[in-house]
*Asks:* 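Sharing a structure with you now.
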Amino acid sequence: MLERITKSIKSASIFLAVYFLLNILLRISLPHTLDLDEAEQSFYSQYLLAGYGPQPPFYNWIQYAIVSVTGITMWALSVPKNIILFGCYLFYGLAAREVLKSRLLPPIAMLSLITLPQVGLMAQRELTHTVALLFATSLFLFGFFRTLRQPTTGSYLVIGIATGIGLISKYNFAILPFAAFVAVLPDCKWRNRLFDWRLLPAAVIAILIVLPHALWLPDNLVSASAPTLERMTAEHEAAAGLPRIGQGLLSLVIAVLGFVALPIVLIAAAFRRDFFPALSSSSPMIRVIERMMVVSLLAFAGIVVFAGASDIHERWLDPCLLVLLIYLFLKLETAGFDLSAGLARFRPVVPVFMIVILSILLLRIVAIQYIGTYTRTNVPFANFVTELTATRKPVLIVAGTKFVAGNMKLEFPDVPVVIPFFPGPGVPEYAAAKGPVLVVWRGETANDPTISPGFANDLVKSGIHLKDINTLTLPYLFGDGKHTFSIGYSWVEGGAQ
């Protein structure tokens, strides 16, 4: 039976591989202007650091390793992301194989990940660190379920590797192994898995993976935590006391509903009258998964109550609720119903979602003049570069934001692109630059290239004094010609002034 299930997962994996290849080709064919996360990876790929700021460094390390070999290209940014996403789906299917007996359900559970908006669309559209988190979560679930079903040294090591990767992908991953530990404790059948000697080498591997970043973190705790805390307390001034707690708990409920609603509706529509009776079915594995999800959500509720969080985002729930689809299909299987008709109705959902997602990714760029809200990918960075460098080429680029820096790095792969005071003091490259230096920035809005006081102050502290400040304005790509985007720039000579 296990061989038949594995064969069906292989077939589904080939189908998925074709889909991700199409995603790569679509991204390569669209404008090479980078969105925020892509631009961040492009900029950070110049450095190998133990920490980069508010996000853990795993994805940055992967990107750095690839760019070190291939150079910075759109391929180097798009291919790794899709491979990691493919790994997320694959290990999710293998995790489903450990708990589902039917050979038909694990590949369906794996493919159904695409119905989760945070996985199917958002991860493909703009996210990077969350992509690594999704991969680590699926890998952890595979190791965890395998250890419960048939513990081996390998299954424990998978848990250790996944925990290490997860902790340096997103900090909220820490909730998952904690929830899994607590979920197993009440079960006398599996409790001894927590006290197996093989857990020790798994913990050692996790610690070794996390160690470089863990040594960096204490001295950089403010830069690592402040932006996340600001987002968690909402963009506006949160209320105090009970109103703030109420606002945070409501935000958590809305985030949970936004995460689970679509796949539940789709599965309920496919399995119809069998779905709701199946929700009452239970088994030891179902109860473990239920406890995992409950403990995870209680941890988030604790963050709301005790840490002051008032604005919970859906993607923060990825390690808590990614297991949902396995849980729902396990409920259906445990109920003992004939699922063939429901599966036949559900299968077409996957290719439909694939087509819809690819269409959204394409039309949000090329049909933007009919939609009205221009994306960052519509910013004509290649055209900006053509205009800026018509008469001279920079030996160094100093950028005001990571969005600008990453895009300039992609356009100038052989030119250092720096931001003042990252990663060290000032802009030391400027003092050694022999030739023209391009200083470039964007303003607060698309048509306001006013240099920010903070960036201007950083330039002065770095010994860079702007003489002529200029503005370049060009129409958006695929736009109506009326909507434009502006950047500010200045040419200076390298070296101390």
*Asks:* Any side-chain heavy atom of L100 sitting closer than 4.5 Å to one from L330?
*Replies:* yes
*Asks:* State, with a plain yes or no, whether a side-chain heavy atom of R149 is found less than 4.5 Å away from one of V99.
*Replies:* no
*Asks:* Does any part of the side chain of P177, heavy atoms only, come nearer than 4.5 Å to the side chain of F181, both counted from C-beta?
*Replies:*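 No; the side chains remain at least 4.5 Å from each other.
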*Asks:* Any sub-3.5 Å donor-acceptor pair from T33's side-chain atoms to V379's backbone N or O?
*Replies:*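 Yes; judged by distance alone, with no hydrogens or angles, the pair exists.
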*Asks:* Just wondering, do V158 and F91 contact through their side chains at under 4.5 Å, heavy atoms?
*Replies:*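 Result no, sub-4.5 Å side-chain heavy-atom pair not found.
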*Asks:* Under 3.5 Å, is there a donor-acceptor pair between the side chain of S280 and the main chain of P277?
*Replies:*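 Yes.
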*Asks:* Using modelled atom types and a 3.5 Å cut-off, is there a donor and acceptor pairing between side-chain atoms of N172 and backbone atoms of W316?
*Replies:*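 Such a contact is found between N172 side chain and W316 backbone.
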*Asks:* Below 4.0 angstrom, N of the basic side chain to O of the carboxylate: do R198 and D196 qualify?
*Replies:* yes
*Asks:* Show the nearest heavy-atom pair for residues I312 and G248, with the distance to one decimal.
*Replies:*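 The answer is CG1-O, 4.3 Å.
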*Asks:* Just how far is it from atom CG of L322 to atom CG of L176, taken to the nearest 0.5 Å?
*Replies:*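 Going from the CG atom of L322 to the CG atom of L176 covers 9.0 Å.
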*Asks:* Is the backbone of Q247 close enough, under 3.5 Å, to the side chain of S251 for a donor and an acceptor to pair up by distance?
*Replies:*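 Flag not set: sc S251 to bb Q247 has no pair under 3.5 Å.
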*Asks:* Does CZ belonging to F421 count more than 12 external heavy atoms closer than 6.0 Å?
*Replies:*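 Counting other residues, nucleotides and ligands, CZ of F421 exceeds 12 neighbours.
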*Asks:* Could you pull out the closest heavy-atom pair between A405 and V417, with the gap in Å?
*Replies:* O-CG1, 3.5 Å
*Asks:* Please find out if less than 6.0 Å separates the ring center of F422 from that of Y44.
*Replies:*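 Between Y44 and F422, which both carry aromatic rings, the centre distance is below 6.0 Å.
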*Asks:* Distance check, rounded to the nearest 0.5 Å: K170 atom NZ versus I175 atom CD1?
*Replies:* 12.5 Å
*Asks:* Over 60° means perpendicular and under 30° means parallel, so classify the ring planes of Y47 and F43, tilted if in between.
*Replies:* perpendicular
*Asks:* Does a donor on one side chain sit under 3.5 Å from an acceptor on the other, for E38 and H32?
*Replies:* no
*Asks:* D318 and F259: which non-hydrogen atoms are nearest, and at how many Å?
*Replies:*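 Heavy-atom minimum between the residues: OD1-CE1, 3.0 Å.
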*Asks:* Taking P151's backbone N and O only, do any of them form a donor-acceptor pair with S155's side chain (distance below 3.5 Å, no angle check)?
*Replies:* no
*Asks:* Quick one: do the N82 and Q124 side chains pair a donor with an acceptor below 3.5 Å?
*Replies:* yes
*Asks:* Just verifying a value: how many Å separate T401 OG1 and R442 CZ, rounded to the nearest 0.5 Å?
*Replies:*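 So the gap between those two atoms works out to 7.0 Å.
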*Asks:* Hey, which of E40, Q55, Q41 is the one that makes side-chain hydrogen bond (donor to acceptor under 3.5 Å, both in side chains) with N60?
*Replies:* Q41
*Asks:* Measuring only between side-chain heavy atoms, which start at C-beta, is W216 closer than 4.5 Å to L49?
*Replies:* no
*Asks:* To the nearest 0.5 angstrom, please state how far the CZ atom of F15 sits from the CG atom of L111.
*Replies:*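 Between atom CZ of F15 and atom CG of L111 there are 7.0 Å.
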*Asks:* Which atom names give the shortest non-hydrogen contact between N23 and L358, and what distance separates them?
*Replies:* OD1-CD2, 3.6 Å
*Asks:* Table please: side-chain donor-acceptor pairs of residues 135-146 below 3.5 Å, with sequence neighbours left out.
*Replies:*
| residue | atom | partner | partner atom | Å |
| --- | --- | --- | --- | --- |
| T137 | OG1 | L133 | O | 2.8 |
| S138 | OG | C88 | O | 3.0 |
| S138 | OG | L134 | O | 3.4 |

*Asks:* Taking all non-hydrogen atoms of both residues, which atom of I360 and which atom of L121 are closest, and how far apart?
*Replies:* CG2-CD1, 4.1 Å
*Asks:* Under the 3.5 angstrom rule, does the side chain of E126 hit a backbone N or O of D35 as a donor-acceptor pair?
*Replies:* no
*Asks:* Who passes side chain to side chain donor-acceptor pair (under 3.5 Å) against Q118, sequence neighbours left out?
*Replies:*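 Side chain to side chain donor-acceptor pair (under 3.5 Å) check on Q118 returns E314.
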*Asks:* Looking only at heavy atoms, which two atoms of L148 and R193 are closest? And how far apart?
*Replies:*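 Answer, listing the atom of L148 first, then R193: O-NH2, 2.8 Å.
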*Asks:* Could you tell me if Y59 and K81 have a donor-acceptor pair between their side chains, going purely by distance under 3.5 Å?
*Replies:*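 There is no such pair between these side chains.
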*Asks:* After noting the C-alpha distance and the side-chain angles of S281 and T334, does the key distance pass the side-chain hydrogen bond (donor to acceptor under 3.5 Å, both in side chains) rule?
*Replies:* CA-CA 6 Å; S281 61; T334 304; 5.0 Å; no
*Asks:* With a 3.5 Å cut-off and sequence neighbours excluded, list the donor-acceptor pairs that the side chains of residues 284-300 form with protein atoms.
*Replies:*
| residue | atom | partner | partner atom | Å |
| --- | --- | --- | --- | --- |
| R287 | NH1 | S282 | OG | 3.0 |
| E290 | OE2 | Y327 | OH | 2.7 |
| E290 | OE2 | K331 | NZ | 3.3 |
| R291 | NE | A183 | O | 2.8 |
| R291 | NH2 | A183 | O | 3.0 |
| S296 | OG | M292 | O | 2.8 |

*Asks:* Do the non-hydrogen side-chain atoms of F329 and F346 ever get within less than 4.5 Å of each other?
*Replies:*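 SC-SC contact between F329 and F346 confirmed.
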*Asks:* Working note: L167 + F58, criterion side-chain contact (heavy atoms from CB on, under 4.5 Å); need CA distance, chi angles, decisive distance, verdict.
*Replies:* CA-CA 9 Å; L167 290 174; F58 178 73; over 6 Å; no
*Asks:* Please report the C-alpha distance between L317 and L252 in whole Å, then the side-chain angles of each, then the deciding distance to 0.1 Å, and finally whether the side-chain contact (heavy atoms from CB on, under 4.5 Å) criterion is met.
*Replies:* CA-CA 9 Å; L317 303 178; L252 176 60; 4.1 Å; yes
*Asks:* Is L26 close to L22 at the side-chain level, that is, under 4.5 Å between some pair of heavy atoms?
*Replies:* no
*Asks:* Is N407 reaching over with its side chain to a backbone N or O of F403, donor-acceptor style, under 3.5 angstrom?
*Replies:* yes
*Asks:* Could you check if a side-chain atom of L16 sits within less than 4.5 angstrom of a side-chain atom of M110, using non-hydrogen atoms only?
*Replies:* yes
*Asks:* Would the distance check show the side chain of R27 and the main-chain N or O of M74 forming a donor-acceptor pair, the cut-off being under 3.5 Å?
*Replies:*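 Checking the backbone N and O of M74 against the side chain of R27, no donor-acceptor pair under 3.5 Å is found.
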*Asks:* Look at the side chain of H213 and the backbone N and O of I168, then say whether any donor-acceptor pair between them is shorter than 3.5 Å.
*Replies:* no
*Asks:* Taking atom CZ of R97 and atom CD1 of I9, what is their separation to the nearest 0.5 Å?
*Replies:* 5.5 Å
*Asks:* Given the side-chain rings of F86 and Y19, with only the six-membered ring counted for Trp, is the space between their centroids under 6.0 Å?
*Replies:* no
*Asks:* Give the C-alpha distance, both sets of side-chain angles, the deciding distance and a yes or no for side-chain contact (heavy atoms from CB on, under 4.5 Å) between F173 and S169.
*Replies:* CA-CA 8 Å; F173 178 86; S169 295; over 6 Å; no
*Asks:* Apply side-chain contact (heavy atoms from CB on, under 4.5 Å) to the pair L343 and L105, showing each step before the final yes or no.
*Replies:* CA-CA 8 Å; L343 289 173; L105 288 178; 3.8 Å; yes
*Asks:* Measure the CD1-CG distance between I83 and L90 for me, rounded to the nearest 0.5 Å.
*Replies:* 12.5 Å
*Asks:* Got a donor-acceptor contact below 3.5 angstrom from the S78 side chain to the W75 backbone?
*Replies:*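 Absent.
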